[in-house]
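Chain identifiers are assigned alphabetically (A, B, ...) following the order of the sequence lines, protein sequences preceding nucleic acid strands; residue numbering begins at 1 within each chain.
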There are 2 protein chains.
Amino acid sequence: MSDLQTISEIKKCPVQYVLAINDTLNVISGKWKLPILASILYGNHRYKDIQANIDKITPRMLSKELKELELNGVIIRNVYDSTPVRIEYKMTESGKNILSVLDAMVDWGVSHRKSTL
Amino acid sequence: MSDLQTISEIKKCPVQYVLAINDTLNVISGKWKLPILASILYGNHRYKDIQANIDKITPRMLSKELKELELNGVIIRNVYDSTPVRIEYKMTESGKNILSVLDAMVDWGVSHRKSTL
DNA sequence: AATATCGCTATACTTTTGTATAGTTAAAGT
DNA sequence: ACTTTAACTATACAAAAGTATAGCGATATT
């Protein structure tokens, strides 16, 4: 992959792509979003379970982030009309696909660490 | 080959996985990192050119972020001993590879937008 | 000699993000 | 009846990130 090739490719990059990158970045940035997503993906679906699974997170931040993730269509909040009411947070289909982004991040992060040794 | 093997091994190890993702996230998060990287990739290498290319960025933020990107091994700052002194910021090899992460982010962002219509 | 350009730094400030701590409602267990 | 658990909300505060504005030292241009 030559430099000139890369640059010309980038010059073709439409506005939509920039928007898409920003969407993705918004979904995963902040101190708690990845830990929360990881915990849900790992199998924790209830508020208390997620809270217990993430060290030092406050209820305020957990609520706030869960709401934002729901609003962004990454997770879904299910209320089960049992007694007592049970609430479960689960990844949406689209949310599950974010693993591909995390994979790319792992790959880059690992090889970058090696390169800076 | 043994590299790929190692990467997949590390993916099984939660701690390394998390560290690598955090490294990557730190490199790209914040308001100005992506615009700066994009501008450099686009062909702007000098301070004033990057500044002129990015709307509303202040010199303070540009300096701060350039320093951080350099410290993180994503870009390199070259001082050319000419008169006047010329300074050029360029992507490191590792820095260029971050395009693969951006690609994954575009893909997810685009398909996620479609899914939430 | 005066002005402009490059590559920044300095200081003060505002906004956003995250923390600490306490309280609420409803139901369940003891 | 009393305590415990789930799933949160409310208020106040601190820290981090970003903005606004001014200026500096060296060279170059007019």
So B:R77 and B:L66, do their side chains get closer than 4.5 Å, heavy atoms only? no
Starting from P on D:dT19, measure out to CG on B:L62 and report it in whole angstrom. 12 Å
Using side chain to side chain contact (heavy atoms under 4.5 Å, CB included) as the criterion, point out the one residue from B:T24, B:L19, B:V18 that pairs with B:N22. B:V18
To the nearest angstrom, how far is B:D55 atom CG from D:dG18 atom P? 17 Å
Nearest whole angstrom, please: distance from the C1' of C:dA20 to the NZ of A:K56. 13 Å
Both A:V85 and B:E88 contact DNA chain C. Taking the nearest nucleotide for each, which residue is further toward the 5' end? B:E88
Taking only side-chain nitrogens and oxygens of B:R60, does any of them come within less than 4.0 Å of OP1 or OP2 of C:dT9? no
Under a 4.5 Å cut-off applied to non-hydrogen side-chain atoms, are B:W32 and B:L62 in contact? no
Looking at B:R77, I'd like to know whether one of its side-chain N or O atoms comes within less than 4.0 Å of OP1 or OP2 on C:dC8. yes
Name the closest nucleotide to the B:Y89 side chain, picking from C:dC8, D:dA20, C:dG18. C:dC8
Does OP1 or OP2 of D:dA16 have a side-chain N or O of B:K31 closer than 4.0 Å? no
With sugar-phosphate meaning primed atoms plus P, OP1 and OP2, does B:P84 contact a base, only sugar-phosphate, or nothing at under 4.0 Å between heavy atoms? sugar-phosphate
Quick one: closest heavy-atom pair of A:P59 and A:Q51, and the distance? CD-NE2, 4.0 Å
Between atom NZ in A:K67 and atom P in D:dC8, what is the gap in whole Å? 8 Å
Can you tell me the distance, in whole Å, between the OH atom of A:Y47 and the C1' atom of C:dT24? 13 Å
Side chain of A:K48: nearest nucleotide among D:dG18, D:dA7, D:dA28? D:dA7
Nearest whole Å is fine: how far is C:dA28 C1' from A:R86 CZ? 15 Å
Roughly how many Å is it from CE in B:M61 to P in D:dA22, rounded to a whole number? 20 Å
Toward the 5' end of DNA chain C, by each residue's nearest nucleotide, A:I57 or A:T83: A:I57
For B:N44 and C:dC6, give me the distance from atom CG to atom C1', rounded to whole Å. 15 Å
For the residue pair B:I75 and B:K90, establish whether any side-chain heavy-atom pair is separated by less than 4.5 Å. no
Contact class for B:K33 (heavy atom, under 4.0 Å): base, sugar-phosphate, or nothing? nothing
Contact class for B:S63 vs. all strands (heavy atom < 4.0 Å): base, sugar-phosphate, or nothing? base
